[in-house]
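Each remark here refers to the structure printed beneath this line.
The figures here come from the full heavy-atom set of this structure, side chains too, leaving out hydrogens, waters and symmetry mates.
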Amino acid sequence: MTFKKRSLIVASLTLTLSLLAACAAPAVPAAPAAPAAPAATEAPTAPAAQGGESVVTTWYYYDQNNTDPQANERVGNFYIAKTIPLFNEAHAGRFKWENVPRDYNLVLDLVTAVQSGGDVPDVMQFDITHLPTYLLNNTIQDVEWAREQPWFSDLDPQAVEACTVDGKLMCIPISESPWLVYYYTDFYKDGFPKTPEELLRVGGELSKDGNYALTYWGSTAFDGEAAGRYFYQVISSFGGRYDDGQGNLKLNTPENIKAIEFMREVVKNGLSSESVFAGNFEEEEAFKQGKAGAFPTGFFIAVRYLNPLKSPAGKDYANIEEAVNDNAVALAPFVATEGNKPGCSLDLFGFVVPRTAKNVEGAKAYINWIMDPQNTVDWIVSAGGGFPTSASLRADPAFRTELYKQAQAVGEASACRPWFGSLRRIPEAKKIITNTIYDLIKARPDADIAAELTKAEEEYNRGN
């Protein structure tokens, strides 16, 4: 694949039990209510593979046949290639795993395939932001059977709550990833600023030397991904949100207006480069080349994609973890206004089973295999991202490195929650939100903020 994945990223809940308790102010809401998709009563007959095994099909945006070590998704590609034979060996004579690589449109592709009776996977990775779309379109079946599995009781209760709709478990939550700030210690010698005013002041000093205070996703690319990224981090750090708690878009608030005024100042004062509006992940390069001092982004995004790096001092690092271990890069919460915790969008990753899956028993076998602790750690590190929702796995050495320790501390200091709140039509909402904020901070920085936010509310709410 030629593009990076950020949509699953693009994409909830809790870092550790302690992080969750800290993040939940207010407590992370359950996914928006909608009619839960019924479990398939008579699943179609699963296709048989050579040797008599029934085929278990997955859709990942990873390609096991892509052996390019420079590919954007090389970690996931190699993970799938490595684990397919391991699963097949463990289930010889019963199941055979076949992965169908997909592009980043796989969410809406799944909706279309289910509705049209087309080919669907038996199990698919999900991001919590996809759940409302699946529910609205009757795309997935419940996975209540998981409650009887030995690994289920170890899952974080709030993560389980986020996957529970109308009393039914609709997804398997395996890992979670907070959004935070990676910053260069050469630029921010006293740590990353804690207030918007301080960031504007320190950022102004950096710009005098031809550098940038920060870089971020500010473009309208990928149908409005910015809504759940930088835009939400700023909005929530000012005490704002996108919804009224009842499924309506609510943007015209004093908090949101102040947040947009701050974003305007960042652009007006040249504290970020034009690359933040370019799309195609161009904003990452300013940080990777040591020209931007900070990058508000998802924890696992940096782990997976911010490599290689060159620090402002000119030292090369193979990946973000090397830079953190050398104290060239550190992690911090985003800035926040008085009385508010730093904003923190939170992704939750795991599995869903499509309503028309042909091999539900195979899907169960695959999920149970992934939930074996050794396999779970590998999946999170290589395919999922973030921290485990399983309490016992949080002590695993893989999640006790300096990078993970700093991420946990940041999560505990932040107000982490899914960005969409009670909104249900996620693809529509993120386009409207992103286009409106982009217009206000880039295209028309003199436009009346309150008036434009009201227009956006009305556009979305007409569909409620």
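Between L131 and C171 the shortest heavy-atom distance is CD2-SG, 4.1 Å. Considering every non-hydrogen atom in both R304 and V381, the closest pair reads NH2-O, 4.0 Å. Considering all non-hydrogen atoms of both residues, I426 and T133 come closest at CB-OG1, 4.2 Å. The shortest non-hydrogen separation linking Y460 to A429 is CE1-CB, 3.7 Å. A pairwise comparison of heavy atoms in W179 and G298 identifies CE3-N, 3.1 Å as the closest pair. A363 approaches V123 most closely through the heavy-atom pair CB-CB, 4.1 Å.
Each of L180, V324, T401, V329 was scored for a side chain to side chain contact (heavy atoms under 4.5 Å, CB included) with Q406, with one residue passing: V324. Screening W379, F126, W369 for a ring-ring contact (aromatic ring centres under 6.0 Å, His included) with F351, the sole residue that qualifies is W379. With F300 as the partner, the ring-ring contact (aromatic ring centres under 6.0 Å, His included) test is satisfied by one option alone out of Y305, F387, F349: F349. Among L206, V276, V266, V335, the one residue that satisfies the side chain to side chain contact (heavy atoms under 4.5 Å, CB included) test with L214 is V266.
Under the 4.5 Å side-chain criterion, counting only non-hydrogen atoms from C-beta, H130 is not in contact with V352. Side chains of N77 and T67 form no contact here, defined as non-hydrogen atoms less than 4.5 Å apart. Contact annotation: the side chain of T215 never approaches that of Y230 to less than 4.5 Å [non-hydrogen atoms, C-beta and beyond]. Using a 4.5 Å cut-off on side-chain heavy atoms (C-beta onward), L199 and Y188 make contact. The side-chain heavy atoms of I301 and L306, taken from C-beta on, include no pair separated by under 4.5 Å. Two residues are said to be in side-chain contact when any heavy atoms from C-beta on lie closer than 4.5 Å; I140 and M170 meet this criterion. Counting heavy atoms from C-beta on, the side chains of D223 and P427 never come closer than 4.5 Å. Side-chain contact check for W59 versus N99: every heavy-atom pair is 4.5 Å or farther apart.
D326 and Y317 form a side-chain donor-acceptor contact under 3.5 Å, judged by distance and modelled atom types alone. Counted by atom type alone, Y216 and T297 present zero donor-acceptor pairs between their side chains at under 3.5 Å.
Taking OH of Y62 as the reference point, atom OG1 of T83 lies at 11.0 Å (rounded to 0.5 Å). Taking CG from L169 and CZ from F152, the interatomic distance works out to 5.0 Å, rounded to the nearest 0.5 Å. Atom OH of residue Y404 and atom CZ of residue F299 lie 4.5 Å apart, to the nearest 0.5 angstrom. E198 CD to F192 CZ: the interatomic distance, rounded to the nearest 0.5 Å, is 9.0 Å. How far CG of N307 is from CZ of R74: 4.5 Å, rounded to the nearest 0.5 Å. Between the OG atom in S345 and the CZ atom in R417 there is a gap of 10.0 Å [rounded to 0.5 Å].
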Derivation and outcome, salt bridge (Lys or Arg N to Asp or Glu O under 4.0 Å), residues K341 and E412: CA-CA 10 Å; K341 275 192 169 186; E412 291 171 348; over 6 Å; no
From CA spacing to verdict: salt bridge (Lys or Arg N to Asp or Glu O under 4.0 Å), E285, K288: CA-CA 5 Å; E285 294 306 312; K288 290 162 67 174; 3.3 Å; yes
Worked check of side-chain hydrogen bond (donor to acceptor under 3.5 Å, both in side chains) between S422 and D243: CA-CA 6 Å; S422 65; D243 70 303; 2.6 Å; yes
Check against side chain to side chain contact (heavy atoms under 4.5 Å, CB included), W419 and K430: CA-CA 10 Å; W419 66 264; K430 69 179 187 177; 3.7 Å; yes
T337 and N340: CA distance, side-chain angles, deciding distance, side-chain hydrogen bond (donor to acceptor under 3.5 Å, both in side chains) verdict: CA-CA 6 Å; T337 54; N340 292 304; 2.8 Å; yes
Pair W151-I370, side chain to side chain contact (heavy atoms under 4.5 Å, CB included): steps then yes or no: CA-CA 11 Å; W151 44 263; I370 292 294; over 6 Å; no
Verdict with reasoning, R400 to K405, per side chain to side chain contact (heavy atoms under 4.5 Å, CB included): CA-CA 6 Å; R400 301 304 302 162; K405 288 178 181 177; 4.0 Å; yes
Side chain to side chain contact (heavy atoms under 4.5 Å, CB included) between L309 and D316, intermediate numbers included: CA-CA 6 Å; L309 298 160; D316 293 319; over 6 Å; no
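Relative orientation of the F222 and W217 rings is tilted, given thresholds of 30° and 60° on the angle between their planes. In this pair, F295 and F287 present their aromatic rings tilted. The plane angle is within the 30 to 60° band.
Evaluation of the side chain to side chain donor-acceptor pair (under 3.5 Å) rule for Y366 yields Y60 as partners, not counting sequence neighbours. Judged as a side chain to side chain donor-acceptor pair (under 3.5 Å), and not counting sequence neighbours, E459 has no contacts.
A donor-acceptor contact shorter than 3.5 Å links the side chain of S207 to the backbone of G204. In this structure, N280 contributes its side chain and E282 its backbone to no donor-acceptor pair below 3.5 Å. Remark: the backbone N or O of S275 is paired with a side-chain donor or acceptor of S273 at under 3.5 angstrom. A donor-acceptor contact shorter than 3.5 Å is absent between the side chain of R425 and the backbone of P132. N269 contributes no side-chain N or O that, together with a main-chain N or O of L271, makes up a donor-acceptor pair within less than 3.5 Å. Of the possible donor and acceptor atoms, one in the side chain of Y242 sits under 3.5 Å from a partner among the backbone N and O of A227. Panel note: side chain R264, backbone L440; a donor-acceptor pair is recorded below 3.5 Å. Remark: side-chain polar atoms of N256 are paired, donor with acceptor, to backbone N or O of L251 under 3.5 angstrom. Remark: the backbone N or O of A328 is paired with a side-chain donor or acceptor of T185 at under 3.5 angstrom. Within the 3.5 Å criterion, the main-chain N or O of G224 finds a donor-acceptor partner in the side chain of T434.
Residue-environment remark: CG (D68) exceeds the threshold of 12 foreign heavy atoms within 6.0 Å.
Salt bridge status for K442 with E274: present, with a side-chain N to carboxylate O gap under 4.0 Å.
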